Every structure is written in structure tokens, then in C-alpha cells.
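Note that these values count all heavy atoms, side chains included, but never hydrogens, waters or copies made by symmetry. As the structure is a prediction and not an experimental result, all values here were calculated from the model. Both ligands and their constituent atoms are indexed starting at 1 by order of listing.
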Amino acid sequence: MKAIGIFGGAFAPFHNGHLRLAIEARERLGLQQVRLIPTAHPPHRPDSKVPPQRRLEWVRLAVRRERGLVADDREILRDGPSFTVDTLTDLREAFPRASLVLLMGADAFQHLHTWHRWPELLALAHLAVVSRPGSLLDPSVETREMLAPRRAYDATELRAAPAGRWFQFELPMLDISSTRIRRLLRQGHSVRGLVPDAILNAMTAADRAALIQDDDATTH
Ligand code: ATP
Ligand code: MG
């Protein structure tokens with residue numbers, strides 16, 4: 001079965017941790033493509049001061065030469081809060097016969113039970129969770145009961161059914177976060193090596209000013 005990865009985030013800015021996650025997930029899980037989806041109005045954090053269209057352009061610049069990575073504008077085109085359950089419903093309509101694999105870092109997975117209609121997510125897609133410095137890979141207590149019988153121990157299980165299983169895997173960890181990048185920018189430091197060069201070379205003074213105004217979202 002064709003398998004499609006889905007990876008959403010504020011991407012303020014998109015960084016090399018995001019890029020490696022998407023590339024390694026695609027290769028390790030045998031995904032035909034990974035769709036990178038900047039969020040427009042995330043329910044659990046303030047909207048970024050960087051317009052969604054600009055964050056989408058950054059993703060486009062980062063993946064231009066990378067086979068199988070696709071920038072996806074569907075959350076940007078939708079009004080109201082960017083709920084993942086709506087995004088997956090959309091993608092399920094667009095790809096009725098594919099296996100859908102929702103990718104996320106361990107910190108996002110820890111908060112899964114706070115997501116809008118979270119128990120429905122597994123009816124729409126699989127979940128693949130990636131290690132991240134400072135976060136546990138285990139499911140939170142709130143999701144344990146629901147997830148326990150649905151765990152997959154081999155990536156091939158994610159391609160054998162359209163949805164319904166979850167899988168965890170470790171990547172060589174990259175201790176990079178958008179929060180840390182915004183802090184470095186605030187302090188007037190260079191962020192080269194953390195952010196893809198194509199993005200950095202296109203970054204304007206207005207982009208930097210907007211990023212500097214964004215709230216810090218993580219403790220990284
Ligand atoms: P911020 O600091 O603004 O929250 P972030 O670096 O956490 O930014 P997000 O846009 O919040 O990036 O995250 C989008 C997704 O990417 C989440 O699922 C998050 O867990 C994952 N992610 C981000 N950076 C990494 C990383 N270095 N390793 C693994 N997963 C990551
Ligand atoms: Mg984050």
C-alpha cells in the first residue's frame with residue numbers, strides 16, 4: 001500500500017531538526033512522500049508573527065531539491081483553528097486508499113491527549129513518534145489505554161493498513177528548536193547550521209523582526 005507521511009508544525013522557522021525528521025522518517029518508514037504542513041492558527045499556542053504564507057515558502061525552499069518532501073498549504077487555506085483531525089480528514093479524502101502516517105516529535109506526543117478529538121486520529125492515520133532531546137518517547141498516562149493494543153513494532157505494519165497503529169523510533173538526536181533559533185536571533189547571533197541555507201539566504205530583516213517577536217514555545 002502507498003504510504004504518505006504528514007508532518008505539521010509552526011515551523012517558525014523551519015529548521016534542520018524538522019528536515020532530518022522528514023527525510024529519515026520517509027526513508028525508514030518507506031513513505032512515498034512526506035507532506036510538510038505549516039499550521040495557520042495552532043490551538044495550543046499564539047499564532048506566529050511570521051505570516052503562514054511566508055512559513056510555507058520557507059518549507060518550499062528547504063525541500064526544493066529533496067525527493068519525496070512536499071510543502072502542503074491545506075491548513076493555511078482553511079479558516080479557524082488548525083485542528084489535525086480536520087487536516088487528516090481532508091487528506092483521507094484526497095488519498096482514500098493510501099496509508100497515512102502522522103509524524104511527530106516526542107514532545108508533541110506527550111501532549112496528544114490535549115488535541116481536539118484526539119481519539120479519532122488513529123481512525124484516520126497511523127502515528128509515528130520520533131525521539132527528541134529532553135522528551136520521553138512513552139505515551140502519556142492519558143493515552144496509554146487507547147494506545148497499548150495498537151502499538152506496531154515494525155515499520156512494515158504501517159504500510160499494511162491505512163490507519164490505526166502507532167510506532168516509535170529513534171533518530172540521531174538534533175538538539176534544535178525554533179525557540180532556540182528565535183532566542184539566538186534576538187541576541188543577534190548567527191543561526192547558520194541550524195536552519196537550511198536556502199531559508200537563511202532568503203531571510204529578510206522583516207522575517208527576523210517577526211521571529212524575534214514570537215513567544216517561546218518550548219524549553220529547548
Ligand atoms: P518551537 O520551539 O517554536 O515550539 P519546534 O522546534 O518545537 O518549535 P515545532 O514547529 O513546534 O518546532 O514542531 C513541529 C514538530 O516537529 C513537532 O512534532 C516537534 O516535536 C517536531 N520537532 C521539532 N524539532 C525537533 C527535533 N529537533 N527533533 C525531533 N522532533 C522535532
Ligand atoms: Mg514545538
query = Is any side-chain heavy atom of R35 closer than 4.5 Å to a side-chain heavy atom of F95?
reply = yes

inquiry  = Is there a polar contact, in the sense of an N or O pair closer than 3.5 Å, between A10 and ligand 1?
reply    = yes

message = As an exercise, identify every atom of ligand 1 less than 4.0 angstrom from a heavy atom of M104.
response = 18 (O)

Whether R20 lies under 4.0 Å from ligand 1, heavy atom = no

request  = Report yes or no: does M173 have a heavy atom closer than 4.0 Å to ligand 1?
outcome  = no

A12-ligand 1 polar pair, N/O distance under 3.5 Å = no

R150 and L127, any side-chain heavy atoms less than 4.5 Å apart = no

request  = Tell me, please: is F7 in heavy-atom contact with ligand 1, that is, under 4.0 Å?
outcome  = yes

Ligand-side contact atoms (ligand 1) for residue partner R45, heavy atom cut-off under 4.0 Å = 1 (P), 3 (O), 4 (O), 11 (O)

ask   = For the side-chain contact (heavy atoms from CB on, under 4.5 Å) test, which of I4, L102, I37 pairs with L91?
value = I37

ask   = Is there a nitrogen or oxygen of S177 sitting under 3.5 Å from a nitrogen or oxygen of ligand 1?
value = no

ask   = Any N/O of L103 closer than 3.5 Å to an N/O of ligand 1?
value = no

From S178, S131, G17, P172 - option closest to atom 29 (C) of ligand 1 by heavy atom = S131

request  = Inspect the surroundings of CG in D79 and state if more than 12 heavy atoms from other residues, nucleotides or ligands are less than 6.0 Å away.
outcome  = no

key: Non-hydrogen atom of R180 closer than 4.0 Å to ligand 1   = no

key: Part of L21 within contact of ligand 1 (heavy atoms, under 4.0 Å)   = side chain

query = Between R54 and E57, does at least one N-O distance fall below 4.0 Å, as a salt bridge requires?
reply = yes

task = Using salt bridge (charged side-chain N to carboxylate O under 4.0 Å, His left out) as the criterion, list what pairs up with R186, not counting sequence neighbours.
result = D216

query = With a cut-off of 6.0 Å (strictly less than), are more than 12 heavy atoms of other residues, nucleotides or ligands near CD of Q187?
reply = yes

query = Taking only heavy atoms of G9, which atoms of ligand 1 are found under 4.0 Å from at least one of them?
reply = 10 (O), 14 (C)

ask   = Do the non-hydrogen side-chain atoms of R151 and Q168 ever get within less than 4.5 Å of each other?
value = yes

Whether over 12 other heavy atoms sit under 6.0 Å from H113 NE2 = yes

Pick from G105, A108, G8: the one approaching atom 14 (C) of ligand 1 most closely through a non-hydrogen atom = G8

ask   = Given H15, H18, R182, which one has a non-hydrogen atom that is nearest to atom 12 (O) of ligand 1?
value = H18

task = Inspect the surroundings of CZ in R192 and state if more than 12 heavy atoms from other residues, nucleotides or ligands are less than 6.0 Å away.
result = yes

task = Show which atoms of ligand 1 fall inside a sub-4.0 Å distance from at least one heavy-atom site of T179.
result = 1 (P), 2 (O), 3 (O)

query = Relative to each other, are the rings of F14 and F11 parallel, tilted or perpendicular (30° and 60° limits)?
reply = perpendicular

query = Quick one: which ligand 1 atoms are inside 4.0 Å of a heavy atom on D107?
reply = 19 (C), 20 (O)

